[in-house]
S.K.: 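Encoded as structure tokens, here's the structure I'll be asking about.
Per chain, numbering begins at 1; letters A, B, ... match sequence-line order. Computation of the quantities below employed the complete heavy-atom set of this structure, encompassing side-chain atoms and omitting hydrogens, waters and symmetry-equivalent molecules.
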2 protein chains.
Amino acid sequence: MNTTLADIKDNFKELGIKSTLPRVVIYQALMKFTHHPSAEEIHIGIQKKYPGVSLATVYKTLDLLVQNNLASKVVTDEDKVRYDPRTDQHIHLYCKKTNKIVDHEDAGLEKLIADYLNLKGIPGFDIHQIQVNIKGELKTIIKK
Amino acid sequence: MNTTLADIKDNFKELGIKSTLPRVVIYQALMKFTHHPSAEEIHIGIQKKYPGVSLATVYKTLDLLVQNNLASKVVTDEDKVRYDPRTDQHIHLYCKKTNKIVDHEDAGLEKLIADYLNLKGIPGFDIHQIQVNIKGELKTIIKK
DNA sequence: TTCGTATTTAAGAATTATTATTATTTAGAG
DNA sequence: CTCTAAATAATAATAATTCTTAAATACGAA
């Protein structure tokens with residue numbers, strides 16, 4: 001994974017994005033979350049390491065990452081936009097209890113849907129992307 | 001379809017919702033759209049027929065409809081919340097060109113996904129709802 | 001390495017969608 | 001028809017996000 005500072009700088013350079021400390025820190029923070037954080041969560045997350053960075057810069061940088069295909073936006077019925085450091089197609093699980101969004105790998109299901117739609121298509125519609133969001137609850141593991 | 005004024009009033013009465021003109025007008029307007037409108041679109045849409053209704057009432061009424069399972073919220077990566085007068089499961093098409101959201105019927109695909117997930121499930125996750133959003137573009141029909 | 005310049009940033013003001021407040025109006029029970 | 005709880009219009013308040021601007025910075029060229 002390209003998560004070291006040097007890797008990220010290279011990553012940015014390749015895309016012609018000026019490599020600044022706020023950008024590197026924000027991108028790194030986004031990748032470290034196990035769920036998909038909001039701009040505010042990222043802003044709070046980087047306070048210790050880099051207290052000076054403003055929320056506006058967090059928003060601008062996240063937008064830049066999305067524009068350059070280094071991240072994608074994720075939305076919920078309620079509240080704010082979340083950010084996902086992946087841009088390839090994958091399934092999202094929305095937990096109604098914790099209100100968090102996490103990735104879910106199921107190549108079988110993805111292939112099933114893709115194959116079906118490749119065959120059948122949608123009349124009058126050009127498919128670019130298929131999103132599958134599964135809503136529910138993370139089961140509580142009861143310890144003995 | 002229960003779209004006449006009397007039908008809607010009955011609908012409301014059954015649910016113990018007080019039947020007021022703004023509510024009936026807003027619900028009727030929501031059902032008339034071919035895409036899924038925002039609160040603002042509905043507000044603008046009812047101006048002619050009922051100019052006095054305030055935007056706050058539109059929001060409150062839409063929320064009431066959602067609470068009572070007469071409508072559901074639909075979100076996009078950008079901008080505002082849209083409302084859908086259906087609450088059963090169905091696929092949404094997001095057009096990137098027109099920025100509109102419309103319903104798509106494909107019982108075959110829905111069954112395929114439901115059967116697959118019924119069989120396989122998701123370890124540690126309780127599935128409540130499956131959302132399939134297909135993003136792309138409505139093809140332009142070129143007239144000869 | 002130092003310089004010059006275009007870009008980026010911090011800070012906070014502005015904007016926009018949505019929600020809350022409140023005085024007034026209204027639906028519908030009795 | 002009256003009464004009362006609930007709904008509405010008007011508008012203020014809030015919260016997420018974007019914009020503005022002066023100061024700071026990255027980085028190519030010398």
S.K.: If you only use heavy atoms from C-beta on, which nucleotide in D:dA9, D:dT17, C:dT9 is closest to the side chain of A:Lys60?
M.R.: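 Out of D:dA9, D:dT17, C:dT9, the nucleotide with an atom closest to A:Lys60's side chain is C:dT9.
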S.K.: Reckon A:Thr57 has a side-chain N or O less than 4.0 Å from the OP1 or OP2 of C:dA10?
M.R.: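 Yes, such a contact exists.
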S.K.: From the list C:dA27, D:dA9, C:dA10, which nucleotide is the closest neighbour of the side chain of B:Lys18?
M.R.: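 Shortest atom-to-atom distance from the side chain points to C:dA27.
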S.K.: Given D:dA26, is OP1 or OP2 found less than 4.0 Å from the side-chain N or O atoms of A:Arg23?
M.R.: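 False: A:Arg23 side-chain N/O out of range (4.0 Å or more) of D:dA26 OP1/OP2.
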S.K.: Thinking salt bridges, do A:Lys135 and A:Asp77 make one under a 4.0 Å N-O criterion?
M.R.: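 Result for this pair is yes, salt bridge flagged.
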S.K.: What integer distance in Å separates B:Lys80:NZ from C:dT16:P?
M.R.: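 Atom-to-atom, B:Lys80 to C:dT16, this comes out as 10 Å.
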S.K.: Regarding A:Ala56, tell me which of base, sugar-phosphate or nothing describes its non-hydrogen contacts under 4.0 Å with the strands shown.
M.R.: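 Here A:Ala56 touches the bases of the nucleic acid.
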S.K.: Taking the side chain as C-beta and beyond, is there a heavy-atom pair between B:Val102 and B:Tyr94 under 4.5 Å?
M.R.: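 A side-chain contact under 4.5 Å is absent here.
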S.K.: So if I take every side-chain heavy atom of A:Tyr59 and compare against D:dA16, C:dT18, C:dT7, which nucleotide ends up nearest?
M.R.: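 Between D:dA16, C:dT18, C:dT7, the one nearest the side chain of A:Tyr59 would be D:dA16.
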S.K.: Have A:Gln89 and A:Glu110 got a donor and an acceptor in their side chains that come within less than 3.5 Å?
M.R.: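 A donor-acceptor contact under 3.5 Å links the two side chains.
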S.K.: Just the rounded figure in Å: distance from C1' of C:dG12 to CG of A:Leu55.
M.R.: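 Interatomic distance, CG of A:Leu55 to C1' of C:dG12: 12 Å.
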S.K.: CD1 of A:Ile46 versus P of C:dA10: gap in Å, rounded?
M.R.: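 After rounding, the reported distance stands at 8 Å.
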S.K.: Go nucleotide by nucleotide along DNA chain C from the 5' end; which of B:Lys13 and B:Arg82 gets its closest nucleotide reached first?
M.R.: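 The answer here is B:Arg82.
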S.K.: Within the 4.5 Å heavy-atom criterion, are A:Ile91 and A:Asp103 side-chain neighbours or not?
M.R.: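 When only atoms from C-beta onward are counted, A:Asp103 and A:Ile91 do not touch, as no gap falls below 4.5 Å.
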S.K.: If I take atom CG in residue A:Leu62 and atom P in nucleotide C:dT9, what distance separates them, rounded to the nearest angstrom?
M.R.: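 From A:Leu62 CG to C:dT9 P: 12 Å.
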S.K.: Please check if the side chain of B:Asp63 supplies one atom and the backbone of B:Tyr59 the other of a donor-acceptor pair under 3.5 Å.
M.R.: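 Such a contact is absent between B:Asp63 side chain and B:Tyr59 backbone.
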S.K.: In whole angstrom, give the distance that lies between atom CD1 of B:Ile42 and atom C1' of C:dT18.
M.R.: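 One finds 14 Å between C1' of C:dT18 and CD1 of B:Ile42, rounded.
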S.K.: Students often get this wrong, so: under 4.0 angstrom with heavy atoms, is B:Ser19 touching a base, only sugar-phosphate, or nothing?
M.R.: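 Sugar-phosphate: the residue B:Ser19, judged by heavy atoms under 4.0 Å, touches backbone atoms but no base.
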S.K.: Expressed in angstrom and rounded to an integer, what is the separation of A:Asp63 atom CG from D:dA16 atom C1'?
M.R.: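 Spelled out: CG on A:Asp63 to C1' on D:dA16 is 14 Å.
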S.K.: What is the distance, rounded to the nearest whole Å, between atom NE2 of B:His43 and atom P of C:dT19?
M.R.: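 Atom-to-atom, B:His43 to C:dT19, this comes out as 15 Å.
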S.K.: What is the separation between atom CD on A:Glu41 and atom P on D:dA15, rounded to the nearest whole Å?
M.R.: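 Result: 17 Å.
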S.K.: Give a yes/no answer on whether the side chain of B:Ser54 brings an N or O atom under 4.0 Å of OP1 or OP2 in D:dT11.
M.R.: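 Checking D:dT11 against B:Ser54, no side-chain N or O comes under 4.0 Å of OP1 or OP2.
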